[in-house]
**Student:** 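Below you will find the structure I want to go over with you.
Every heavy atom of this structure was used, including side-chain atoms; hydrogens, water molecules and symmetry mates were not. Everything quoted here is computed from the prediction, not taken from an experiment. Per chain, numbering begins at 1; letters A, B, ... match sequence-line order.
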There are 2 protein chains.
Amino acid sequence: MSCESYFMEQLQKRGFRLTPQREIVLSILHQMDSPASVEEIFERVQAFSNAVDISTVYRTLDLLQDFNLVISVDLGESHRVFKLVDAEEPHLHLVCEHCGTVTGADIHPAESFAATLLEKYGFQADLTRLNIPGMCENCRDQKTHSVTGSVHKHPAPLD
Amino acid sequence: MSCESYFMEQLQKRGFRLTPQREIVLSILHQMDSPASVEEIFERVQAFSNAVDISTVYRTLDLLQDFNLVISVDLGESHRVFKLVDAEEPHLHLVCEHCGTVTGADIHPAESFAATLLEKYGFQADLTRLNIPGMCENCRDQKTHSVTGSVHKHPAPLD
DNA sequence: GTTATTGCAAATTATTTGCACTTGG
DNA sequence: CCAAGTGCAAATAATTTGCAATAAC
């Protein structure tokens with residue numbers, strides 16, 4: 001993947017520097033097959049060098065986002081994950097609200113839907129940022145029937 | 001709307017108490033025509049009584065969510081908004097990434113899309129929680145051509 | 001009266017920032 | 001060499017929690 005070299009090129013072009021920290025973060029992101037939280041990324045970064053600070057990870061992720069090499073996906077509950085942009089094929093994210101898994105999905109079926117939104121509401125949807133909440137196959141299998149709603153921790157039992 | 005009475009009923013049924021604070025929060029939510037942040041809700045609550053604490057607002061919103069009277073919508077960037085559930089007609093949220101406006105949209109056009117997801121990935125989408133990022137009509141008019149991407153604050157100019 | 005609920009203040013969590021020191025170009 | 005970048009520690013911001021006082025039922 002030319003992602004690394006593209007990054008270096010962009011860095012130099014804009015007068016940024018190529019530091020080992022930035023290389024580590026980028027290579028970690030390459031290893032990841034699924035989106036990862038800052039926490040997860042930071043852990044793996046530390047396996048390379050425990051001197052790297054988490055603030056540097058944040059800063060590098062910001063930079064990578066500016067370069068459109070990385071996107072962040074907001075899973076709610078202040079759970080943000082990052083992943084390398086799939087330059088060839090952008091896709092949606094199916095976010096399982098039960099197990100937290102994020103699955104990539106073909107963007108095409110959403111396109112006619114997006115067209116409808118544009119037509120009816122003048123709203124230009126950005127499908128590459130679209131996260132679809134719901135329940136994945138595994139979790140559905142496990143709990144074929146169950147309340148989708150909140151599983152909260154309130155004191156009083158119902159009736 | 002029977003929402004108030006439903007709430008009271010549910011409270012009593014489960015041994016919760018009907019407090020003025022809870023009534024205020026609920027009535028504020030009724031006044032809101034669009035989803036509101038905790039901050040906004042809190043401000044309006046204080047107009048009624050500045051003795052009400054923000055933690056009580058949080059707690060009440062949690063409770064209302066447990067009762068499925070309120071849903072929270074995550075707009076990313078740790079911007080959460082709350083709104084009363086539209087019992088009759090659930091709808092999607094079109095979230096303008098430019099001005100932050102949230103517009104309700106008909107859920108039907110999304111249904112065939114959801115069916116595809118179920119078929120292809122076994123993923124059961126929860127359309128009532130679906131937020132669609134993009135750009136609303138107004139913002140599109142204003143900046144007919146513009147970079148959708150990040151408008152960041154990095155030092156070095158390109159080239 | 002008893003127990004849920006509140007206000008308050010302190011704790012938590014995720015992220016950002018100021019700054020002196022370090023280092024890449 | 002010298003500005004960009006880093007580590008660190010402190011600052012923010014949003015939300016949660018422990019607890020004694022209060023109020024609903």
**Student:** To the nearest Å, give me how far apart CG (A/Leu11) and C1' (C/dG24) are.
**Tutor:**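 Distance, rounded to whole Å: 12 Å.
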
**Student:** At less than 4.0 Å, is any side-chain N or O atom of A/Thr19 found next to OP1 or OP2 of C/dG24? Yes or no.
**Tutor:** no

**Student:** Atom CD of B/Gln12 to atom P of D/dC25: distance rounded to whole Å?
**Tutor:** 7 Å

**Student:** Once you round it to whole Å, what is the distance between P of D/dA14 and NE2 of B/His79?
**Tutor:**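 Rounding to the nearest Å, NE2 of B/His79 and P of D/dA14 are 10 Å apart.
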
**Student:** Rounded to whole Å, please give me the gap between CD1 in B/Ile54 and P in C/dA9.
**Tutor:**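 After rounding, the reported distance stands at 14 Å.
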
**Student:** Would you mind classifying the nucleic acid contact of B/Gln21 as base, sugar-phosphate or nothing, using non-hydrogen atoms under 4.0 angstrom?
**Tutor:**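 Since only primed, P, OP1 and OP2 atoms lie under 4.0 Å of B/Gln21, the category is sugar-phosphate.
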
**Student:** What is the distance, to the nearest angstrom, from the CD atom on B/Gln46 to the P atom on C/dC8?
**Tutor:**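 My rounded result for the distance is 10 Å.
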
**Student:** Go through the N and O atoms of the side chain of B/Arg59 and the base of C/dT6, and report whether any donor-acceptor pair is under 3.5 Å.
**Tutor:**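 Looking at the base of C/dT6, it does not pair with any donor or acceptor on the side chain of B/Arg59 (distance under 3.5 Å).
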
**Student:** What is the distance, to the nearest angstrom, from the CZ atom on A/Arg17 to the C1' atom on D/dA3?
**Tutor:**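 Between C1' of D/dA3 and CZ of A/Arg17: 5 Å.
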
**Student:** For a 4.5 angstrom cut-off between non-hydrogen side-chain atoms, does B/Leu29 reach B/Leu61?
**Tutor:** yes

**Student:** Check whether A/Ser27 reaches the backbone of A/Ile24 with its side chain - one donor and one acceptor, N or O, closer than 3.5 Å.
**Tutor:** yes

**Student:** At under 4.0 Å between heavy atoms, what does B/Leu18 touch on the DNA or RNA strands: base, sugar-phosphate, or nothing?
**Tutor:** sugar-phosphate

**Student:** So does A/Tyr58 get a side-chain nitrogen or oxygen closer than 4.0 Å to the phosphate oxygens (OP1/OP2) of C/dT15?
**Tutor:** yes

**Student:** Please report, rounded to the nearest Å, how far the C1' atom of D/dA14 is from the CD1 atom of B/Ile41.
**Tutor:** 14 Å

**Student:** Report yes or no: is there a donor-acceptor pair, N or O only, under 3.5 Å between the side chain of B/Arg80 and the base of D/dA14?
**Tutor:**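 Answer no: no donor N or O sits under 3.5 Å from an acceptor.
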
**Student:** Is the shortest heavy-atom distance from the side chain of A/Leu26 to the side chain of A/Glu23 under 4.5 Å?
**Tutor:** no

**Student:** What is the distance from CG of A/Asp62 to C1' of C/dA14, rounded to the nearest Å?
**Tutor:**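 Distance check: A/Asp62 CG to C/dA14 C1' gives 13 Å.
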
**Student:** Which nucleotide in the list D/dT6, D/dG7, C/dC8 gets nearest to the side chain of A/Arg22?
**Tutor:** D/dT6

**Student:** Measure the spacing between CD of B/Glu137 and CZ of A/Phe123 and express it to the nearest 0.5 Å.
**Tutor:** 11.0 Å

**Student:** Among the clusters formed by ILVMFWY side chains lying less than 4.5 Å apart, do A/Leu92 and A/Val95 turn up in the same one?
**Tutor:** no

**Student:** Does a side-chain N or O from B/Ser55 land closer than 4.0 Å to OP1 or OP2 of D/dT16, or not?
**Tutor:** no

